[in-house]
Amino acid sequence: MHTSQFALSMSLLRELSRLTEVHVLLEVSPHAWELESFELKQQDLPSGIVPAESILANFFPSGVQAYWHGLASFNLVVHHSQQSLRPSAWRVSHAAAAFIRRVNPHVIHFDEGSRRMLLNLIELGTAPMVLTIHDPENHSGERHWRSELDRYFFLKRASRVLLYNRALQPEFARHYSLRGGHVRTTQLGVHHVFREWAVGPIPRGGRTVLFYGRLSQYKGLEVLYAAAPLVAQRVPNVRFVVAGRAAPNYRPPSPPRLTNGGSIDVIDQYIGNTHLANLLAGAHVVVCPYLDATQSGVVLTAFAFEKPVVATRVGGLPEYIDEGQTGLLVPPYDAEALAAALERILTDDELGDTLRSGIAGLARAGRLTWAAAARDTQAIYEELALGRR
């Protein structure tokens, strides 16, 4: 697994470790060391297989560390080279493949593919492989032939593919010519792990709309900027916060000026987990005006802080947001509808109470839980292990 998915995978790993023996290899590259949330930029780690717990314990809250205590083993796969396909990268991935062979697992599970492991797939032996794909369709403005080629090779090796939404399953299977039953689905759980970075109780935010995450073309920031002046006209002193660093191929638009005491604060930087917890604590509503989507860690992290979400009705988002119960859904590209939904949540206290109550009741209803995701994943493991025997 990559560091970019680590915080989102810890909850699943904890639940899986209660059902089966789990060994984790976390791939770390120089680019990942620069991320504030991983906080390894000052570490001088040797390349190769490095025990993870003693290193990561210095950078994660104790509550987060508890998430990995049930793992059978937990190691970093440390790369010093930025380049994926070069001899030094192959040697480290070769060591990772040798480690996997020593474990002799019944099933190998890749959380997304790893370009650095491409040349070493043949070394993994005959154990069946599960491949998790977070984005069955590449987002607008983020399609690249190299990523598509990487995916192709991993799909050829995978015995089962796991997606986190049902909406895109048929088209994904058709696009990659995968037979029936090869592609399975489950749902992500609410990202309660991010509450571990919060300090103190989570208050009800003021009239603040939070848009956060990596800025990219598909996130619909232009639509939000078209809606913001409409909201400001109707809701005095509304505050928008746009937090996140832009993707290399995306130039964010300039924020509009707001009337009626409204404001837009732009935080142009990577948002670490402590900073994110503070932003969510101060928000009244989280907005996701996406133009296309599969599922969203933004939605599930907002739910962890009991913040309602206004999102577009695209991709798998309707599978995660219960209309009128945990958030509101609007058509994509529709600034007027987006503004009207934000205005409702900002001004209707009864609606806000209903949405927060619905979010708090997700676990009681058995919705969006990591235990359910782990059971679905374990069922795939058992099916493959039985078939191998």
Side-chain angles (χ1 to χ4, degrees), residues 134-137 139-140 163-171 185-192 202 204-205 207-213 218-221 223-224 226-228 230-231 234-235 238 240 280 283-370 372-373 376:
H134 288 261
D135 294 318
E137 290 183 356
H139 295 304
S140 302
L163 308 182
Y164 287 125
N165 72 80
R166 297 183 300 273
L168 300 178
Q169 178 188 19
E171 176 59 24
T185 66
T186 188
Q187 282 190 306
L188 296 162
V190 172
H191 295 325
H192 289 112
I202 304 302
R204 289 193 180 186
R207 290 181 169 179
T208 298
V209 179
L210 175 62
F211 174 103
Y212 80 89
Y218 80 94
K219 293 289 185 72
L221 182 57
V223 181
L224 177 62
L230 302 177
V231 178
R234 307 163 189 169
V235 183
V238 66
F240 290 83
L280 282 164
H284 188 94
V285 58
V286 173
V287 62
C288 299
Y290 299 167
L291 310 182
D292 54 71
T294 50
Q295 66 284 325
S296 174
V298 170
V299 172
L300 295 168
T301 306
F303 286 172
F305 290 78
E306 296 186 4
K307 304 297 180 178
V309 177
V310 173
T312 44
R313 193 177 281 105
V314 294
L317 292 186
E319 299 174 33
Y320 285 87
I321 299 170
D322 299 326
E323 173 71 22
Q325 297 298 315
T326 60
L328 299 178
L329 293 165
V330 300
Y333 298 95
D334 191 334
E336 179 61 50
L338 182 65
L342 290 171
E343 178 191 0
R344 285 183 62 196
I345 293 181
L346 289 168
T347 59
D348 188 337
D349 291 340
E350 184 176 348
L351 173 62
D353 289 340
T354 297
L355 297 177
R356 283 185 288 271
S357 177
I359 295 167
L362 284 171
R364 293 192 299 273
R367 291 266 293 125
L368 306 183
T369 68
W370 288 106
D376 291 344

State, yes or no, whether a side-chain contact exists between [X] and [Y] at a heavy-atom distance under 4.5 Å.
| X | Y | result |
| --- | --- | --- |
| Leu342 | Phe240 | yes |
| Val309 | Thr326 | no |
| Leu355 | Leu351 | yes |
| Val285 | Lys307 | no |
| Val330 | Arg313 | no |
| Leu362 | Asp322 | yes |
| Tyr333 | Thr312 | no |
| Val314 | Leu291 | no |

Mind checking what makes ring pair (Phe, Tyr, Trp, His ring centres under 6.0 Å) contact with Tyr290, not counting sequence neighbours?
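Per chain and number, Tyr290 pairs via ring pair (Phe, Tyr, Trp, His ring centres under 6.0 Å) with Tyr218.
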Show your working on side chain to side chain contact (heavy atoms under 4.5 Å, CB included) between Val286 and Phe211 and close with a plain yes or no.
CA-CA 6 Å; Val286 173; Phe211 174 103; over 6 Å; no
Test your reading of the model: is there a side-chain donor-acceptor pair from [X] to the backbone of [Y], 3.5 Å cut-off?
| X | Y | result |
| --- | --- | --- |
| His284 | Ile345 | yes |
| Trp370 | Val190 | yes |
| Glu343 | Arg234 | no |
| Gln187 | Glu319 | yes |

For Leu224 and Val287: C-alpha separation, side-chain torsions, deciding distance, then whether side chain to side chain contact (heavy atoms under 4.5 Å, CB included) applies.
CA-CA 8 Å; Leu224 177 62; Val287 62; 4.1 Å; yes
Please report the closest heavy-atom contact between Ile359 and Phe303, naming both atoms and the distance.
CG2-O, 3.2 Å
Glu323, CD: over 12 other non-hydrogen atoms inside 6.0 angstrom
yes
